[in-house]
Amino acid sequence: MKQVVQSYKTGDVALRDVPVPQCGSKRILVRTRNSLISLGTERSTIELGRKSLLGKAASRPDLVRRAWDKAKKEGLLKTWQEAMGRLDTPTPLGYSAAGVIEACGVAATEFSPGDRVACVGQGFASHAEFLSIPVNLASRIPAGVTDEEAAFGMLGIIALHGIRSANLTFGSRVVVMGLGLLGLLTIQMLRAYGCEVIALDPAADKIELARNFGFSHVTAEPADLARMTEARTAGQGADAVIVTAATKDRGPVDQAIQLCRPKGKIVVVGTADIHPDRNELWLKEVELVVSRAAGPGSLDPLYELEGVDLPIGDVRWTQKRNLDEFLRLLNEGKVDVKALITHRFAITQAEDVYAQFVAGKLIHPIGVLLTYPQNAPIERSLPLPPTKSGVRAGAGDSVRIGVIGAGLFGKALLLPALKSQSGVVLQTLVTGSGASVEHSARKFGFLNQATDANAVWSGAEVDAVVGLTPHSQHARLVRDAMTAGKALFLEKPLCTTEEDLADLRTMASQAAQLPLVMVGHNRRFSAHAVQIRKWLSTRQSPLVLQMRVNTGFIPATHWVHAEDEGRSRVVGEMSHFFDLIQALTGAMVSRVSAERISGDNRSSVNNDNIAVSFKLGDGSVGTLIYSASGDKAYSREALEIFFDGKTIASRDFRVSEFHHGGKTDTFKTRGQEMGYVEELRHFVDCVAGRATPAVALGETFTTMSVIFAIERALATAQVVTVPAS
């Protein structure tokens, strides 16, 4: 399918051929008929993308500070790579569309194939031939509303939520500043709800449009606006001023304060500069509100992604209910958008349209629609032109790799490490987003792009699979690998529940022949881990180990803490450290005890601040301190090992020291050597038959059992024995 994307790194807008997205259980797959270009929002996005790196930094100083803190802790190179990875992520343009449902997810029961729907949401209702839309971001279109009208949905509900934010009543007198698309929709809705409207816009064509809609109290001059407001309100001032202008000037907000009555309200819906005079606000007790998106539920993952509605008794007007209301207003003729349509272009003209738009060559644009063909095929796997980086050895010796998932971590670290391997063909990349997979597949030199994982599991041209998906999908990837008989490299963890672990054990025990399944515990492959094993090679007695992880705070609302996604950081991260400890000692953890802090679980997430004591099968003992309460700029990881009158100390995979007999041997690396390249090299060599797996699947199962034993120990304050493989 064709989709419009923008490079945030360069600002360039391109029309790409990408795979059709999957539907998802709580989503609908929509064949787009029309989408609306949001002139203000999309212009801002493009202009920011076209700024230099310094210009982007000046626009987001908060992100610069976070990046600097990260660089002090994890190194400049790694931080730079991750930052460039974020910048190099394509941005789908558009957030308002309409079309016909092709397919419904099994849980999307309120819709049926063939329904006409209005679709909204950044990253969902994009300029693309097919859209995967969560159920709370779509509404059925009434029979009396055309697809073109319904494509205005997102702009309509942004305007509607701006009005609701003003807390108006029947007969309220409202000033609207800015008569672009948002402003023209706003004044029509205000009239529909029984409000008196006074409006301003400097453009004569916008004033003429407002008058054609029957509004007489409109002007292009700020001074006239003040006189009109005084006359229409008998000198009392407006009940509310809604700013829908897109400007870098602070003038609209400053004038809005003067136009308001005492205890009036200013609602900023557009992008006006907000630096009001405190004394002016204080004198009238004026309330200033910045209206967020399209209503309650906006930007809430539970609402938008999971389809969890907000009870109508608690929240009357959610994002979806606003969309339903906007469609009702259209259907009853209370709002007219037909007169606002100034341009129509086919999706195939998109690149030229955006070039004209940014250059200011479109004549008086207001409602600019893209139209779509209705015969586009549903293709979820597409080839890409081969590149030299795609093949790094003769075809007979090469391992053909399929990759599922390409998030920030994968693109910043693992995909570059995989691309650097010799003897590898990057065959197929699979992600859920067509725009993302096309960009990443092209960047890293894959031969094919897909949005359906079957493209790698069922294809004979793929020898092995690398899984970089969210944690909740990991167990399914292992099952798929066992079923397909294909080698799998899986980013940690192995799975997220004890039930999944039990199922995987059973499946493995019943398999006639197991494929290689390697979990991405990269630390055991670090040059520092290799050196420490050499220092430990002559030990005569059990070890005493102490490991400290200063992991950094992540809010309780983050996905890593979600029960059905990341589960917890204990499950998501801690297998890293126990795999390293087991690799260094050559023994498995046999029992654990653990305690967590008793905090408020918000400012300090209790499960992110724990102390674990453990014993290994060779008699060694140790502690792991895992804390998210420290300074992120401080050292992240430290390990101390005591044995035979000797001590090993290692810090952040940069410096390791061996203290023995009053002497110190030091092993240093220029940067953090975390073992990413080495673990992938080992995986490729194992698939090619050049090496034996460093970790058997039974050991991987036991390591995951350690993590679930820690969870039980935290819950019961008891010592928990780890079941053997």
Side-chain angles (χ1 to χ4, degrees), residues 36 38-40 96 149 152-222 224-229 231-233 237-247 252-253 255-256 259-261 264-272 289 291 294-295 322 325-342 364-367:
L36 178 72
S38 176
L39 300 176
S96 192
E149 292 175 293
F152 283 74
M154 187 68 183
L155 276 296
I157 62 178
I158 290 172
L160 193 51
H161 182 58
I163 292 170
R164 298 198 194 288
S165 298
N167 293 330
L168 302 171
T169 57
F170 296 117
S172 292
R173 295 169 294 198
V174 185
V175 173
V176 177
M177 305 181 76
L179 291 175
L181 184 51
L182 274 176
L184 290 166
L185 291 171
T186 298
I187 61 175
Q188 293 185 71
M189 292 175 188
L190 286 168
R191 181 171 61 187
Y193 292 137
C195 297
E196 183 177 356
V197 176
I198 308 158
L200 166 78
D201 196 283
D205 61 314
K206 309 282 178 56
I207 295 295
E208 186 64 25
L209 260 175
R211 287 179 175 150
N212 289 342
F213 283 132
F215 294 90
S216 56
H217 305 303
V218 292
T219 180
E221 298 297 332
D224 287 343
L225 179 68
R227 285 191 290 269
M228 277 186 187
T229 303
R232 300 306 305 172
T233 66
D239 295 300
V241 178
I242 299 177
V243 181
T244 55
T247 175
V253 173
Q255 186 178 19
L259 297 175
C260 269
R261 65 168 171 80
K265 201 160 190 175
I266 300 170
V267 179
V268 179
V269 181
T271 56
V289 175
S291 172
N322 276 335
E325 172 66 359
F326 176 65
L327 293 172
R328 183 190 72 83
L329 292 171
L330 290 175
N331 193 42
E332 296 184 4
K334 302 291 180 64
V335 172
D336 177 12
V337 298
K338 292 179 182 177
L340 302 179
I341 300 173
T342 57
H364 301 308
I366 298 178

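- Between Ala256 and Val241, the shortest heavy-atom distance links the atoms CB-CG1, 3.6 Å.
- Thr342 contributes a side-chain N or O that, together with a main-chain N or O of Ile366, makes up a donor-acceptor pair within less than 3.5 Å.
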Set out, in order, the CA-CA distance, both residues' side-chain angles and the distance that settles side chain to side chain contact (heavy atoms under 4.5 Å, CB included) for Leu340 and Leu184, then state yes or no.
CA-CA 8 Å; Leu340 302 179; Leu184 290 166; 3.6 Å; yes
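- With Leu181 as the partner, the side-chain contact (heavy atoms from CB on, under 4.5 Å) test is satisfied by one option alone out of Thr186, Leu36, Leu39: Leu36.
- Side-chain contact between Cys260 and Ile266 is present, with heavy atoms from C-beta onward closer than 4.5 Å.
- Across every non-hydrogen atom of Lys265 and Ala166, the tightest pair is CD-O, 3.8 Å.
- Going from atom OG of Ser216 over to atom CZ of Arg232 covers 7.0 Å, rounded to the nearest 0.5 Å.
- Considering every non-hydrogen atom in both Phe215 and Ile187, the closest pair reads CZ-O, 3.2 Å.
- With values rounded to the nearest 0.5 angstrom, Ile242 atom CD1 is found 10.5 Å from Met189 atom CE.
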Hey, mind stepping through Leu225 and Ile198 against side chain to side chain contact (heavy atoms under 4.5 Å, CB included) and telling me if it holds?
CA-CA 8 Å; Leu225 179 68; Ile198 308 158; 3.7 Å; yes
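- Taking Arg173 as the reference, Glu196, Thr233, Gln236, Asp239 meet the side chain to side chain contact (heavy atoms under 4.5 Å, CB included) condition, with sequence neighbours excluded.
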When you look at Tyr193 and Lys334, which way does the side chain to side chain contact (heavy atoms under 4.5 Å, CB included) test go after all the steps?
CA-CA 9 Å; Tyr193 292 137; Lys334 302 291 180 64; over 6 Å; no
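- A side-chain contact (heavy atoms from CB on, under 4.5 Å) with Val174 is found for exactly one of Ile163, Leu190, Val267, namely Leu190.
- With sequence neighbours excluded, no residue satisfies salt bridge (charged side-chain N to carboxylate O under 4.0 Å, His left out) with Lys338.
- The backbone N or O of Pro222 sits less than 3.5 Å from a side-chain atom of Gln255, completing a donor-acceptor pair.
- The OG1 atom of Thr244 sits 6.5 Å away from atom CG of Leu182, with the distance rounded to the nearest 0.5 Å.
- In this view, Ala339 and Phe213, Asp336 satisfy the side chain to side chain contact (heavy atoms under 4.5 Å, CB included) rule, not counting sequence neighbours.
- By the side-chain hydrogen bond (donor to acceptor under 3.5 Å, both in side chains) test, Glu332 is found to be paired with Arg328, residues two or more places apart in sequence or in another chain being considered.
- Listed by chain and number, the residues in a salt bridge (charged side-chain N to carboxylate O under 4.0 Å, His left out) with Asp205 amount to none (sequence neighbours excluded).
- Of the inter-residue distances, the one linking Asp201 atom CG with Leu179 atom CG reads 4.5 Å to the nearest 0.5 angstrom.
- In this structure the side chain of Val175 never reaches within 4.5 angstrom of the side chain of Leu200, judged on heavy atoms.
- Partners of Glu208 by side chain to side chain contact (heavy atoms under 4.5 Å, CB included), not counting sequence neighbours, listed by chain and number: Asn212.
- Rounding to the nearest 0.5 Å places NE2 of His217 at 10.5 Å from OG1 of Thr229.
- Nearest approach of Met154 to Ser96, heavy atoms of both residues: N-OG, 2.9 Å.
- Here the side chain of Ser165 pairs a donor or acceptor atom with the backbone of His161 at under 3.5 angstrom.
- Within the 3.5 Å criterion, the main-chain N or O of Ala246 finds no donor-acceptor partner in the side chain of Thr271.
- Closest non-hydrogen pair, Arg211 versus Val218, comes out as NH2-O, 3.3 Å.
- The structure places CD of Glu221 at 9.0 Å from CZ of Arg227, a figure rounded to the nearest 0.5 Å.
- Ile207 and Ala220 make their closest contact through CD1-N, 4.0 Å (heavy atoms, listed as atom of the first residue, atom of the second, distance).
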Let's go through Leu330 and Val337 carefully: what are the C-alpha distance in whole Å and the side-chain angles of both, what is the deciding distance for side chain to side chain contact (heavy atoms under 4.5 Å, CB included) to 0.1 Å, and is it a yes or a no?
CA-CA 8 Å; Leu330 290 175; Val337 298; 3.9 Å; yes
